[in-house]
Protein chains: 2
Amino acid sequence: MQISSPAGAGRPRSDLNATVFAAMFRTVRELGYAGATMDRIAAAAGVAKTTIYRRWPSRGALVVEGLLDAFGPVPIESAGRAELLSSAIRWIAGKIGEPGVGGAFAGVFSDAVSDPALREILATQFQAPYLRALQAGLGEPEHRVLFLIDVVTGTLLHRMGMTGEPMAESDVDALVEMVLRVLRVD
Amino acid sequence: MQISSPAGAGRPRSDLNATVFAAMFRTVRELGYAGATMDRIAAAAGVAKTTIYRRWPSRGALVVEGLLDAFGPVPIESAGRAELLSSAIRWIAGKIGEPGVGGAFAGVFSDAVSDPALREILATQFQAPYLRALQAGLGEPEHRVLFLIDVVTGTLLHRMGMTGEPMAESDVDALVEMVLRVLRVD
DNA sequence: GGAATACGCTACTGACGGTAGCGTATTCCG
DNA sequence: CGGAATACGCTACCGTCAGTAGCGTATTCC
């Protein structure tokens, strides 16, 4: 996802991934996803725009890697299947609730609708790891886990995208209840 | 939503709403939502771009009105609550499956993430009528229907947006099952 | 025939994602 | 120490797209 640096001698890359990610989320939080242009992200990070493009091939790739950095691995240390699924849903809902993260999340998915390359990045880099982790943890077939991801992610993103605000906790509870009921039956 | 024509004398508007809607859906189907620029829609409709802007204030407004035209009123003639909800879900899933419509639907929602004005149009013109119809038909509180809309629309759009293809019928069945179970309990 | 409006056309603006090219800084290796 | 190799900053630029301005022409009502 990040453009790899050629091996050999030469000046090493500065350590500014974290700086750029932070600037990106901050800019999204303050100006919204549309307002978080590459020029503004670069300015907020105190870095030249061309430097960002030397590392990430597109704005979408940058945002996806920032999200990966912010999300980290899915929590899978729970006892049973119900607890695992429930904690995973609350985990993703909580992440989306963090300032800037939800906006970036909804924004990058919305860009992906019109951008097959970004869709590919999103599917392989972001969704696949969580899909595999959930599949292993739940012992459900891939098809079923994909459906669950569509339901959970779709619902949370739709609320976020339409209202600009993350879903209230009581609705997250309802979502968990609903999905758990699906898991129990059948 | 459509810019109203001033009253009085003068040349009346040509009857080309249907032509423009059809050209819009066709262009989305052939070139995707991102490829369906205003220039291309106008060319496909055989109409000047400025003529479109005289009627609709923005591309989003045009697409929303096209969707309203394509969707029509929600079917509410069903017997019981379960049948009503089930048929409503299958109805929206079917509409999204129509060529061009799903792409336009996903595209306009994705644009709305970064465009508050479009979000407002979408909420009041598109979502509100269906919300009210479902609320009346189901006898459920607004809050609950809003949640159901987020779940159904979010899930269908997420699948559409991520894969470019509408949801398979078996998954629509699963969605209906899941939502019906929510309606029954509580 | 004149007021009033619609349509088509060409040209334009402003914003944005992304790129080119150059000078400078930093590191490794011989 | 010197040169190869790479990174960074900067300025300028391209192409695309939503949306606008302005003008000439067509169509309707009175």
Side-chain angles (χ1 to χ4, degrees), chain A residues 2-17 19-20 23-24 27-28 31-64 66 104 107-108 110-118 121, chain B residues 2-17 19-20 23-24 27-28 31-64 66 104 107-108 110-118 121:
Chain A
Q2 181 154 171
I3 299 171
S4 58
S5 193
R11 175 175 172 176
R13 279 187 178 165
S14 315
D15 185 22
L16 37 79
N17 279 15
T19 307
V20 174
M24 183 269 288
T27 310
V28 170
L31 302 173
Y33 189 74
T37 67
M38 286 301 253
D39 287 279
R40 279 202 262 253
I41 293 172
V47 153
K49 184 171 68 158
T50 45
T51 296
I52 296 184
Y53 276 107
R54 281 192 196 98
R55 302 197 182 200
W56 295 279
S58 67
R59 185 172 78 131
L62 162 65
V63 174
V64 169
V108 79
S110 92
D111 278 357
V113 170
S114 293
D115 183 345
L118 179 55
I121 291 176
Chain B
Q2 184 154 169
I3 298 170
S4 59
S5 192
R11 175 175 173 176
R13 279 189 179 164
S14 315
D15 185 20
L16 36 79
N17 279 13
T19 308
V20 174
M24 183 269 289
T27 310
V28 170
L31 303 173
Y33 188 75
T37 66
M38 287 300 255
D39 287 278
R40 280 202 261 253
I41 293 171
V47 154
K49 184 171 68 159
T50 45
T51 296
I52 298 185
Y53 276 108
R54 281 191 196 98
R55 301 196 184 201
W56 295 279
S58 67
R59 185 171 79 129
L62 163 65
V63 175
V64 169
V108 78
S110 92
D111 278 357
V113 170
S114 294
D115 185 343
L118 178 54
I121 291 176

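Lettering of chains follows the sequences in order, A, B, ..., and the numbering in each one begins at 1. Computed from a predicted model, the values in this text were never measured in an experiment.
Residue pairs meeting the salt bridge (Lys or Arg N to Asp or Glu O under 4.0 Å) criterion with at least one member in residues 36-53 of chain A, sequence neighbours excluded: Asp39(A)-Lys49(A).
Distance CH2 (Trp56(A)) to P (dG17(C)): 16 Å, rounded to an integer number of Å. Across the protein-nucleic acid pair, Leu62(A) atom CG and dG17(C) atom P stand 11 Å apart, rounded to whole Å. Remark: C1' of dG8(C) and CG of Leu16(B) are 12 Å apart, rounded to the nearest angstrom. Computed from coordinates, the Asn17(A) CG to dA7(D) P distance equals 13 Å when rounded to whole Å.
Applying the side-chain contact (heavy atoms from CB on, under 4.5 Å) criterion to Pro57(B), with sequence neighbours excluded, gives Ile3(B), Ala61(B). Not counting sequence neighbours, the partners of Asp111(A) by the side chain to side chain donor-acceptor pair (under 3.5 Å) test are Tyr33(A), Arg59(A).
Atom OG of residue Ser58(B) and atom CG of residue Asp115(B) lie 7.0 Å apart, to the nearest 0.5 angstrom. Interatomic distance, OG of Ser5(B) versus CZ of Arg11(B), reported as 11.5 Å (0.5 Å rounding). Rounding to the nearest 0.5 Å places CE of Met38(B) at 5.5 Å from CG of Leu62(B).
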For nucleotides 17-22 of chain D, tabulate all protein N/O to nucleotide N/O atom pairs closer than 3.5 Å, reporting atom names and distance.
from	atom 1	to	atom 2	distance (Å)
dA18(D)	OP2	Met38(B)	N	3.1
dG19(D)	OP2	Tyr53(B)	OH	3.1
dG19(D)	OP2	Arg59(B)	N	2.9
dG19(D)	N7	Lys49(B)	NZ	3.0
dG19(D)	O6	Lys49(B)	NZ	3.0

For nucleotides 25-27 of chain C, give me every protein contact, N/O to N/O, under 3.5 Å, one pair per line with atom names.
from	atom 1	to	atom 2	distance (Å)
dA25(C)	N3	Arg11(A)	NH1	3.3

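The shortest side-chain heavy-atom distance between Thr37(A) and Leu31(A) does not fall under the 4.5 Å cut-off. Contact of the Val20(B) side chain with the Arg55(B) side chain is not registered, since no non-hydrogen atoms from C-beta on lie closer than 4.5 Å. Within the 4.5 Å cutoff, the side chain of Thr51(B) has heavy atoms near those of the Arg54(B) side chain. When side chains are defined from C-beta on, Thr19(A) does not count as touching Val47(A), because their heavy atoms never get closer than 4.5 Å.
Closest of all the heavy-atom pairs between Ala104(B) and Val28(B) is N-CG1, 3.7 Å.
Checking dC7(C), dT5(C), dA7(D) against the side-chain heavy atoms of Ser5(B) singles out dT5(C) as nearest.
Taking 4.0 angstrom as the limit, Ser14(B) places none of its side-chain polar atoms (N or O) nearer than this to OP1 or OP2 of dA6(C).
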> Given Watson-Crick or G-U pairs with both distances under 3.5 Å, what dot-bracket string fits DNA chain D, with | for other-strand pairs and [ ] for crossing?
Replying inline: ||||||||||||||||||||||||||||||

